[in-house]
Amino acid sequence: MRMTVLVPVLGDQLTAGLSALAAADRSSAVVLLMEVSAEATSVRHHQKKIAFLLSAMRHFADELRQDGWTVDYVCIDDPDNSQSFDGEVARAAKRHAAGAILTTEAGEWRVLDSQCGWGSLTGLPCDILPDDRFLASRAAFSAWAEGRKSFVMEDFYRVMRRKTGLLMDGDAPVGGQWNFDAENRKPPAKGMRYPPPPAFAPDAITQDVLAVVAARFGNHFGDLLLFEYAVTREQALAALDDFIAHRLPQFGDYQDAMVAGQDGLFHSQLSPLINAGLLLPLEVCQAAEAAFRAGRAPINAAEGFIRQILGWREYVRGIHWIAGPDYTSRNHLNATRDLPDFYWTGATDMRCLAEAVGATRRNAHAHHIQRLMVLGNFAMLIGVDPHQVHEWFLAVYDDAYEWVETPNVIGMSQFADGGLMGSKPYAAGGAYINRMSDYCRGCRYSVKDRTGPDACPFNSLYWDFLARNRAALGSNHRLLRMYDGWDRFAPAEQAAIRAQVAGFLETLE
Ligand code: FAD
Ligand code: DLZ
Ligand code: SF4
């Protein structure tokens, strides 16, 4: 009799070609999928995110069975479920009298640590394979980073363009430029229509999951209404096709725009599908390149989109691993304030924040500029403890896993790593939000004012942030012009700004 090999597959590893599945022998392997409440509550994840993952896991298990695999699927309601990965791996190893464990490395330190203990936990040899769905291996990223003083994404991106051949004509970038970002900052146009992504009606499997999530996690943030996620590989491919046909052509132009009542604009909304493994990053980039080459999307759209995935996505994953497991406790600016309640309730008069939190509650999703320049920017300006910001972002977004969320939050958005990722904080006052959105027109605050009862809070907070953090930021050459601006205010104006901020912060408490 052949030895049984246990192949645990995690909820964000739902890929038929996953390295552990590719290395396993179908005739001797038992694939283990585990629904465990420890993962839903490590931070209290948004209800829709939990429902999406559990439904996608159940559908993936069915697809594996149809493909000839033996699958052991542990449901969250199984009375013997220990509700943790360790407990379930130990139980399954016994249940199947397994002789070995074969798995693909988790995307984050916490779960990888747990995987590293599975061998001693079960007394079995445990082989942990690299996750080759990423286009840069951990080793390749470390080699690129080695000896560099700063990790400039654009440099890494060019290496990746050359490595993959994406948007390359021989050794030169297509269109004669590596980056078309300068064309990708258009404010929203009046009367513009935004083609919505496809909606997938919940089937019987998803309906069961929705009932389970409502019963077990109904008190978590967010709602379950209108659950329309793609939950299978087939649906994910349909969502990709739909994006390429209907939204990619304008993706570049309006990449940074924000519009009240419009949650998706021209964004792909593919991140939960890519991050869970239903779509592969390379095939998504190839689809965008094919649209460009066929004349169905302009270069600024195709390049802008591919840069997000081939550049940013791979880059943040590399940063996650080189930054180490204590990255989430970095706090370069010594920020200690609690996250305001309205991040959970949406109850604020600041329209930009109310819109971003509202989208997050409804959809477990918000687009990049809402995350960076509204939610992240505000938290940094008022000095929220970055660990609290990290836990919020990890909990509320359908695409959030530590490998991608922590560099974006701790690094890019909060500058809590002191510049490992970015050379300056993404701090902005109301003028930026006003330029890129239609929020300010309908806001109770006046975006033109810095002080006074109706002044937009972002304006005074911006200057106060700079003044307050002068010791940490004052010598940053990219901020010299801003500090010059602060120094040119008369002392009375500086005092008025700081008094305005003190008054505003009191209202938050
Ligand atoms: P699109 O605008 O259509 O972009 C295409 C794809 O590019 C995305 O699907 C995603 O796979 C990739 N991408 C774009 N920007 C980034 C980025 N900065 N890092 C990694 N991938 C990127 N993205 C996550 O996947 N998970 C997170 O937990 C996450 N947290 C974030 C937190 C903050 C504070 C910020 C500023 C950004 C965060 N992002 C995160 C990046 C980005 O906001 C989302 O990837 C994007 O909004 C997903 O929506 P979309 O699929 O419509 O993206
Ligand atoms: C996020 C999540 C949730 C909510 N539930 C599960 C689960 O029940 N089973 C599972 O295998 N994975 C789940 N996940 C995803 C894991 O948290 C993810 O695999 C790790 O964070 C590693 O990135
Ligand atoms: Fe946000 Fe200020 Fe504009 Fe209101 S005025 S929407 S608070 S930026």
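As the structure lists them, so they are numbered: ligands from 1, and atoms in each ligand from 1.
Of all the heavy atoms of Tyr397, none lies under 4.0 Å from any atom of ligand 1, so neither backbone nor side chain is involved. Of the heavy atoms in Leu33, none comes closer than 4.0 Å to ligand 2.
The protein non-hydrogen atom at the shortest distance from atom 9 (N) of ligand 2 is Met34 O, 2.7 Å. The nearest heavy-atom contact from the protein to atom 11 (O) of ligand 2 is Gly11 N, 2.9 Å. Among protein heavy atoms, the minimum distance from atom 11 (O) of ligand 1 is reached at Arg313 CD, 3.6 Å. If you check which protein heavy atom lies closest to atom 1 (Fe) of ligand 3, you get Cys352 SG, 2.4 Å.
Considering backbone and side-chain atoms alike, Leu53 places every N or O at 3.5 Å or more from each N or O of ligand 2.
Interface of Leu372 with ligand 1, defined as ligand atoms under 4.0 Å from a residue heavy atom, comprises 36 (C). Using a 4.0 Å cut-off to heavy atoms of Cys443, the atoms of ligand 3 that qualify are 4 (Fe), 5 (S), 6 (S), 7 (S). Less than 4.0 angstrom separates some heavy atom of Gln269 from each of these atoms of ligand 1: 50 (P), 51 (O), 52 (O).
The line from CZ of Arg361 to CG of Asp223 is 7.0 Å long, rounded to the nearest 0.5 Å.
Within the 4.0 Å heavy-atom shell around ligand 1 one does not find Arg317.
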